[in-house]
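Chain A is the first sequence line, chain B the second, and so forth, proteins listed ahead of strands; every chain is numbered from 1.
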Protein chains: 2
Amino acid sequence: MLTLKQDHSELVVLSVLSTGPSYGYAISKDIANRSDGHFKLSPSGMYPLLTKLEKSGLVTTSWEEVKAAGADPESTGRRRKWYTLSPKGHKHLSRRIEHHRQVQSILDGFVPQSFPDELANG
Amino acid sequence: MLTLKQDHSELVVLSVLSTGPSYGYAISKDIANRSDGHFKLSPSGMYPLLTKLEKSGLVTTSWEEVKAAGADPESTGRRRKWYTLSPKGHKHLSRRIEHHRQVQSILDGFVPQSFPDELANG
DNA sequence: TTCGTATATATCGAAACTAGATATATATTT
DNA sequence: AAATATATATCTAGTTTCGATATATACGAA
């Protein structure tokens, strides 16, 4: 299991939202599924991040009442908070991707391409 | 200027040390130069990191007294602390590179390859 | 000879981040 | 009826971050 740092979490969440609106639980499942279980974003990582994105205007939100088919009409039902990437968020993601690629590229200049571990044994 | 996160700092510092022993100041200059000034690792990032690497046995250290040519023989001279990648550090770096590549690869599955910012304008 | 810059290592502290645990509540499946 | 899945959210202790600060020597230029 590869735990995501916040920087990467934000990049991944924004990327997921760039394909369409979603909500916390679905995003976390999406991340787990699309990474074959390698990436995980727990509730304590997800919700503060989504709140931060909302506060900074990168996403807009709306509540959906998810009522079961045979549910008591008086019941509150389950609430689902949808997150939609705003135009500002779109631009932000664009810059973030560019930044990400640049870091990657420079990093590749330092990390040895081939690194024989065998040298260390003996 | 792209500030390095600790995770990346460690990867870069270990990578630099994999080409031969060095010391704090030289490593920080190396990082700045080899990244065309894009990466920077400040003293407050560098020394705690090096101390951590030393404590965990990934590097070994030795002090060098750098005395000036015409310096007072009684003077302490400038001290330089050399860091050498240990066999354990070599193995650690090897695993870290592998991990880095894996994260990169999974991340690429989320981040849109092409992301036209123009869509956001209008 | 003195002044500014470069070399060199190191800590401090406030703020931000991390991650497991916990809390709450509804829906579905067995 | 119980277990599991869906769904959002906070708490808290520990860790990380990063600019600012501290200390001292060496070198080059004026």
Nucleotide [N], atom [atom2] - distance to [atom1] of [X] in whole Å:
X	N	atom1	atom2	answer
Lys29(B)	dA6(C)	NZ	C1'	8 Å
Glu64(B)	dT9(C)	CD	C1'	14 Å
Lys5(A)	dA16(C)	NZ	C1'	13 Å
Tyr47(A)	dT22(C)	OH	P	19 Å
Leu41(A)	dT8(D)	CG	P	13 Å
Met46(B)	dT9(C)	CE	P	9 Å

Practice prompt. Quick one: label Trp63(B) by what it contacts on the DNA or RNA (base, sugar-phosphate, nothing), any heavy atom closer than 4.0 Å.
Written response: sugar-phosphate
Discussion item. For a quick check of understanding: with a heavy-atom distance under 4.0 Å over all strands, which category does Ser44(B) fall into, base, sugar-phosphate or nothing?
Written reply: base
[X] vs [Y] side-chain heavy atoms within contact, under 4.5 Å:
X	Y	result
His38(A)	Gln102(B)	yes
Thr84(A)	Val59(A)	no
Leu41(A)	Val13(A)	yes
His92(B)	Leu14(B)	yes

Worksheet item: What pair of heavy atoms forms the shortest contact from Ser86(B) to Gly57(B), and how long is it?
Response: OG-O, 2.7 Å
Discussion item. Would you compute the distance between atom CG of Leu93(B) and atom CG of Leu58(B) and round it to the nearest 0.5 angstrom?
Written reply: 9.5 Å
Worksheet item: Distance from Phe110(A) atom CZ to Ser15(B) atom OG, nearest 0.5 Å?
Response: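 The distance works out to 9.0 Å.
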Worksheet item: When the nearest nucleotide of DNA chain C is assigned to Pro43(A) and to Asp7(A) on a heavy-atom basis, which residue is associated with the more 5' position?
Response: Asp7(A)
Practice prompt. Report yes or no: does Ser56(A) contribute a side-chain atom to a donor-acceptor pair with the main-chain N or O of Lys52(A) at less than 3.5 Å?
Written response: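 The answer is yes, because a donor-acceptor pair under 3.5 Å joins these two groups.
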Worksheet entry | Greater than 12 external heavy atoms within 6.0 Å of Glu98(B)'s CD |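 Count not over threshold, so no.
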Worksheet item: Between Leu17(A) and Tyr83(A), is a side chain to side chain contact (heavy atoms under 4.5 Å, CB included) present by the stated rule, with each step listed?
Response: CA-CA 8 Å; Leu17(A) 289 178; Tyr83(A) 295 83; 4.1 Å; yes
Is any side-chain N of the basic residue among [X] and [Y] closer than 4.0 Å to the acidic one's carboxylate O?
X	Y	value
Glu54(A)	Lys81(A)	yes
Glu65(B)	Arg78(B)	no
Glu10(A)	Arg96(A)	yes

Worksheet item: Dot-bracket, DNA chain C: Watson-Crick or G-U, under 3.5 angstrom, [ ] crossing, | other strand?
Response: ||||||||||||||||||||||||||||||
Item to complete: Measure from the side chain of Arg78(A), starting at C-beta and using heavy atoms only, and say which of dA6(C), dA10(C), dA5(D) lies closest.
Response: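 Nucleotide nearest to Arg78(A)'s side chain: dA5(D).
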N/O donor to acceptor pairs below 3.5 angstrom from side-chain atoms of residues 19-33 of chain B, sequence neighbours left out:
residue, atom, partner, partner atom, Å
Thr19(B), OG1, Val16(B), O, 2.7
Ser28(B), OG, Tyr25(B), O, 3.0
Asn33(B), ND2, Lys29(B), O, 3.2

Worksheet item: Do you see a donor-acceptor pair shorter than 3.5 Å between the side chains of Gln104(A) and His99(A)?
Response: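 No, His99(A) and Gln104(A) have no side-chain donor paired with an acceptor closer than 3.5 Å.
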Among [range], which residues get a heavy atom nearer than 4.0 Å to DNA chain C?
range	result
residues 8-28 of chain B	Tyr23(B), Gly24(B), Tyr25(B)
residues 95-103 of chain A	none
residues 48-62 of chain A	none

Worksheet item: Within the pair Gln6(A) and dA16(C), is there a side-chain N or O less than 4.0 Å away from OP1 or OP2?
Response: no
Fill in: His8(A)/Phe39(A) under ring-ring contact (aromatic ring centres under 6.0 Å, His included): CA gap, chis, key distance, verdict
CA-CA 10 Å; His8(A) 284 163; Phe39(A) 282 171; 7.7 Å; no
Enumerate the protein-to-nucleotides 13-15 of chain C contacts in which both atoms are nitrogen or oxygen and the separation is below 3.5 Å.
none

